[in-house]
K.L.:
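The structure that follows is given in the form of structure tokens.
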Amino acid sequence: MNDERRDFLLAAASTAVAATSSLLPVALQAQTSPSTAGPQATAPAPVGERTVHVLPPLAYPPNALEPFIDEATMLLHHDKHHAAYVTNLNAAEEALAIARSNNDYSLIQHWTRQLSFNYGGHYLHTMFWETLRPAGSGSEQPTGLLMELIKRDFGNFEIFRAQFTQTAIRVEGSGWAILHYRPVDGRLVLLQAEKQHDLALWGGTPLFGVDVWEHAYYLTYQNRRADYLDAWWKVLNWEAAAKRLESAIK
Ligand code: MN3
């Protein structure tokens with residue numbers, strides 16, 4: 001990135017930016033039904049068509065993150081857990097369409113909760129796979145604008161990493177630690193998410209996060225969540241996180 005471009009991005013990040021981009025990962029771009037080539041999910045589907053969400057394939061083999069994240073965990077996590085969120089998201093949206101056509105909203109609370117929970121799972125897991133890479137195949141620390149914003153908003157990388165790790169360790173039950181870009185003031189914000197949809201940051205864009213549900217680590221690490229987090233840092237894809245930041249700022 002040249003200096004002019006960096007100055008521009010820094011200025012954009014440190015002043016209020018009315019960014020409305022939802023920064024949907026490419027893999028989250030869904031197909032509409034019937035099966036014409038789907039528009040991006042950010043574009044509204046034609047009236048009467050329902051989005052059919054699809055499980056994105058992993059961009060690397062399921063054993064590519066070993067020994068830090070084992071193949072069996074990856075297969076269960078992606079092929080079973082994430083797939084179930086996609087299935088249940090589609091089911092919730094179909095049920096809501098049926099409710100509309102029947103003018104029967106007796107189960108509206110159930111189905112909207114299902115929509116929120118399963119969309120949260122689909123979105124976060126898609127981001128999770130996208131922001132991992134085999135150990136040693138990329139930079140060990142953030143670079144460029146992402147590193148500059150981390151230093152500005154947290155002090156330095158070590159402080160940021162300590163806060164992120166503690167945020168993840170102290171999630172009660174099932175949830176995530178997630179770094180967000182907050183467009184109203186261009187700051188980076190670290191939050192816990194409970195389950196995969198509670199405590200979201202309205203309008204913020206998740207840049208990367210770590211899944212601390214037990215299904216993400218229990219086969220290898222049992223109750224040692226801190227050991228899992230040490231391993232996860234080694235396979236975090238900083239280049240992918242930086243790309244998400246640039247898209248969020250645009
Ligand atoms: Mn999970």
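For ligands, and for the atoms within them, numbers begin at 1 and follow the listed sequence. Here, residue 1 is the first one in the sequence, and each next residue gets the next number.
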K.L.:
For H110, which residues count as a ring-ring contact (aromatic ring centres under 6.0 Å, His included) partner, sequence neighbours excluded?
P.N.:
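H110 satisfies ring-ring contact (aromatic ring centres under 6.0 Å, His included) with no residue once adjacent residues are dropped.
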
K.L.:
Does a side-chain N-to-carboxylate-O contact under 4.0 Å join E130 and R244?
P.N.:
yes

K.L.:
Which atoms form the tightest heavy-atom contact between A193 and I178, and what is the distance?
P.N.:
CB-CD1, 4.0 Å

K.L.:
Could you tell me which non-hydrogen atom of A248 sits nearest to which non-hydrogen atom of Y181, and how far apart they are?
P.N.:
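In terms of heavy atoms, the two residues are closest at CB-CD2, 3.8 Å.
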
K.L.:
Test of understanding: with ring-ring contact (aromatic ring centres under 6.0 Å, His included), list the residues that count as partners of W238, not counting sequence neighbours.
P.N.:
F157, F208

K.L.:
For the Mn ion (ligand 1), which protein N/O/S atoms fall under 2.8 Å? Skip waters.
P.N.:
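Less than 2.8 Å away from the Mn ion (ligand 1) sit H77 NE2, H125 NE2, D211 OD2, H215 NE2.
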
K.L.:
Sequence neighbours left out, what passes ring-ring contact (aromatic ring centres under 6.0 Å, His included) with H197? Give chain and number order.
P.N.:
F117

